[in-house]
Amino acid sequence: MKIATYNVNGINARLPVLLRWLKETKPDVVCLQELKSPDEKIPKQEIADAGYNAIWHGQKRWNGVAILARDMEIKELGRTLPGDPEDVQSRYIEADINDLHIGCLYLPNGNPAPGPKFDYKLDWFKRLTGRAKELLEIDRPVILTGDYNVIPTEKDVYKPERWIDDALFRPETRAAYEKLLAQGWTDAIRKLYPEETIYTFWDYFRNAYSRNAGLRIDHFLLNEHLNDRLLDAGVDKSVRGWEKTSDHAPVWINIKD
DNA sequence: ATGCCGATGCGTCATCGA
């Protein structure tokens, strides 16, 4: 089974690219982030016509997450993280699909740092870590995937020294990611490719993509039930080179059914 | 060194993203 995550940066602006990518790569499950669309404007019919069931948690202008599945029922389990009833940003959705329990997340960017946005990022991270702890109690396969807005190590950025003070790379952010992993999660890409340069995002400007000036910030975290089922993982890098594309590329894993 | 690009909204610019 192939599971993918893709920050589309606007689902309506990205629809042709999204539909082409779905058709060409046929993922079984897809987690989307940055829909930038209220629920009523999400292109539900086009997604259904492409052969996917879907659940979404949209929001006007910003954020927004969705889970798509081909030929499988999606049982929604929640669309908020515990810990802050005041938080209205659409950044999380969780569902059961067959034997898999999947959380789709869009972690806050956090810039400029320090500041209130960075505080929100770290607080959101804490709440995610709390939910992740609960999910580890479930005795079944769990996947936490999406745009983490975290550059985990120096290997994951084209020029680390330029990102030292950035919210994606600051010590607090990396420590929060480390703490999450230490609960018992596996970073699927790094498990399979411990040393390779792998990016999932390239800025729109400064010819970042053609210079391969990228970041690895979209991640797949797997619990121990998936340790022996991970077959492969990768980034559909070429999609980043398409016309009218997102600044992120889709990331995927293949697991044993 | 730098939102330089791109998307959204009730908009002709501000705000967000990373």
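Nothing here was measured: the structure is a model prediction, and the numbers come from that model. Letters go in sequence order (proteins before strands), and every chain restarts at 1.
Atom CZ of A/Phe205 is separated from atom P of B/dG3 by 8 Å (rounded to the nearest Å). For A/Glu243 and B/dA7, the CD to P distance is 12 Å, given to the nearest whole Å. Remark: C1' of B/dG6 and CZ of A/Arg61 are 14 Å apart, rounded to the nearest angstrom. Residue A/Asp147 contributes atom CG, which lies 11 Å from atom P of B/dG17 at whole-angstrom precision. When rounded to the nearest whole Å, the span between OH of A/Tyr204 and C1' of B/dG17 equals 10 Å. The CZ-C1' distance, from A/Phe201 to B/dC5, rounds to 10 Å in whole Å. Rounded to whole Å, atom P of B/dG17 lies 12 Å from atom CG of A/Asp166. The CG-P distance, from A/Leu18 to B/dA7, rounds to 14 Å in whole Å.
No engagement by A/Lys121 is indicated, since no non-hydrogen atom pair under 4.0 Å with the nucleic acid exists. Residue-level contact check: A/Asp218 touches neither bases nor backbone, having no heavy atom under 4.0 Å from any strand. Looking at heavy-atom distances under 4.0 Å, A/Ile151 makes no contact with the nucleic acid at all. Across all strands shown, A/Asn63 has no heavy atoms under 4.0 Å from either base or sugar-phosphate atoms. Contact annotation for A/Asn149: backbone-only contact, meaning every heavy-atom pair under 4.0 Å involves sugar-phosphate atoms and none involves a base.
The existence of a salt bridge linking A/Arg240 and A/Asp247 is excluded, since no basic side-chain nitrogen approaches an acidic carboxylate oxygen closer than 4.0 Å.
Formation of a donor-acceptor pair under 3.5 Å by the A/Arg70 side chain with backbone atoms of A/Gly51 is not found in this model. Under a 3.5 Å cut-off, the side chain of A/Arg91 and the backbone N or O of A/Tyr106 do form a donor-acceptor pair.
For the OP1/OP2 pair of B/dA7 and a distance below 4.0 Å, the side-chain nitrogens and oxygens of A/Arg14 include at least one atom meeting the criterion. Dashed line: the shortest gap from a side-chain N or O of A/Lys36 to OP1 or OP2 of B/dG9 is not under 4.0 Å. Look at A/Lys41 and you won't find any side-chain N or O under 4.0 angstrom from OP1 or OP2 of B/dA7.
No hydrogens or angles were tested; on distance alone, a donor-acceptor pair under 3.5 Å links the side chain of A/Asp203 to the base of B/dG3.
Between B/dC16 and B/dG3, the distance separating the two P atoms is 14 Å to the nearest Å. Taking atom P on both nucleotides, B/dA14 is separated from B/dA1 by 27 Å, rounded to a whole Å. Atom name C1', nucleotides B/dG6 and B/dG11: the rounded distance is 16 Å, in whole Å. Comparing B/dG9 with B/dC4, their C1' atoms sit 23 Å apart, to the nearest whole Å. Rounded to the nearest Å, the gap between the P atom of B/dC10 and that of B/dT15 is 14 Å.
In this structure, A/Arg216 is not positioned above the aromatic face of A/Phe201 in the sense of NZ or CZ being under 6.0 Å from the six-membered ring centre and within 45° of the axis.
Relative to the side chain of A/Tyr106, the nucleotides B/dG17, B/dA1, B/dG9 differ in distance, and B/dG17 lies closest. Considering only the side chain of A/Ala13, B/dT8 comes nearest among B/dT8, B/dG17, B/dG9. If you check B/dC16, B/dA14, B/dC4 against the side chain of A/Arg206, the one that comes closest is B/dC4.
A 4.5 Å side-chain heavy-atom check between A/Glu161 and A/Lys159 finds at least one atom pair inside the cut-off.
A donor-acceptor pair shorter than 3.5 Å can be found between the side chains of A/Asp87 and A/Tyr120.
Map A/Ser37 and A/Leu215 each onto its nearest nucleotide of DNA chain B; the residue landing nearer the 5' end is A/Ser37.
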